[in-house]
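Below is one structure, written out as structure tokens; the observations come after it.
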Amino acid sequence: MEWFETFFSQLNQEDPAVYRLARQEAHRLGHTLDLIAAESLPSTSILLAQGSPFAVKAAEGYPDARFHAGCGYVDALETLAIDRAKTLFGAEHANVQPHSGVLANLAVYFSALRPRDRILSMKLSHGGHLSHGDRASMTGSCFEVKHYGVNFETERIDYEEVEKLAREFKPKMIVAGASSYPRVIDYERFAAIARDVGAYLMVDMAHIAGLVSGHAIPSPVTVSDFVTFTTYKTLLGGRGGVILCKQKYASQVDKSVFPGCQGTPAINMVAAKAVCFGRALKGDFPRIQKQICANAAALGKGLEERGYRLVTGGTDNHLILVDLRDKNLSGDVAESVLESVGIITNRNVIPSQGENPRHPSGLRLGTTALTVRGMKETEMGGIAELIDTALTRHDEPLTLKRAAGKVTELCQEFPVPWAV
Ligand code: DSN
């Protein structure tokens, strides 16, 4: 692509070391199959928006209330991004400035809670997220946190346990949302529990925001006090976080983002968010989102047919969690065998393994990036076969070489438009 070559040639003149790495990364992206559930494949317009003149501007504050001059176009851009986010999700208020999902979560906590207040959230090892009060995150040291988890038999959220814990612990905020949970979450049930104990409900829909916007799965927006998400996963945008909330919390949320948690926003990322929401408001977006789910289901079915056990027995969204214990393989070995043939995945804990196992026994697979490349159920069947071949015959160099060749063929048939 012409713009990409111009970018590379400028970079090469200025900084050959960074140029070489950027070119290698673009080549890696174009010649591997990305099954990381937290990634997608941004369009050329998203990449260009991130590198646009908006990268220059310091713009502390909000539209029409900035601490720097020269913000006329920036104000119009941020207002456009906010309006599009509100329309897309049917939200009363949106803040598009958070640099990341973690910062969006922090800003919500500090907008509604005081240090040491209580949070009830999903356990990391059951599919939650570090920023939901895990010990390793500062969210775990600022607040008093208790975790709920999944039922070991169904491997689904145990709403009765959530209810019981909420009544005993009396949290000020309940957090719903996960990063490796393959099932739809019952937001109405969470909202009822939160109402019952007088807690705020915050939903972190980072992984599934695209699916929600495309009506492929239910939305948490109307029943929650606060919703956070990132734009670079199923929403197919660039990096960065967003907060949605009821109008009555708008001012406290805005103050918590700036000046509470951040300084000047990254206006180039706000530009990419505007482009991302504009794309998601177009007619064919729901079709892509439904295909992401259909592909995840097809990939799961292909693996089940080859004897793999899926956590919860399947998926409602963009990801599957494969339990490798029957296969006598750890997730880290599986991850590196698959990488050696060009299939990029990540190891993950299986809920019943308990906290911090030395070798996670699961593999988390997501279908967003492959779907954006145009792959459908047939290709998912082929990829399930490739995964199985690589994992079961990982000590046969020739078999791995043949599998890598098939990955290359698939990459050529479904190219990444801007990769080299
Ligand atoms: N939340 C992390 C993940 O799910 O992998 C990164 O975005």
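Positions are given from 1 along the sequence. Numbering of ligands and ligand atoms starts at 1, following listing order.
- Qualifying ring-ring contact (aromatic ring centres under 6.0 Å, His included) partners for Phe258, counting only residues two or more places apart in sequence or in other chains: Phe67.
- When side chains are defined from C-beta on, Tyr109 does not count as touching Arg114, because their heavy atoms never get closer than 4.5 Å.
- Remark: minimum distance from atom 6 (C) of ligand 1 to any protein heavy atom is reached at Ala38 CB, 3.9 Å.
- Of all the listed residues (Glu39, Arg239, His129), His129 holds the heavy atom that lies closest to atom 1 (N) of ligand 1.
- Protein heavy atom closest to atom 4 (O) of ligand 1, with residue, atom name and distance, is His207 NE2, 2.7 Å.
- Residues Asp388 and Tyr308 bring a donor and an acceptor atom of their side chains to less than 3.5 Å of each other.
- A donor atom on one side chain and an acceptor atom on the other are not found under 3.5 Å apart for His129 and Asp204.
- Given atom 5 (O) of ligand 1, the protein heavy atom at minimum distance is Arg364 NH2, 2.8 Å.
- For ligand 1 and Lys233, the ligand atoms under 4.0 Å from any heavy atom of the residue are 7 (O).
- Using a 4.0 Å cut-off to heavy atoms of Tyr232, the atoms of ligand 1 that qualify are 7 (O).
- Close contacts between ligand 1 and Ser179 involve ligand atoms 4 (O) [criterion: under 4.0 Å to a heavy atom].
- Between Arg309 and Val322 there is no side-chain heavy-atom pair separated by less than 4.5 Å.
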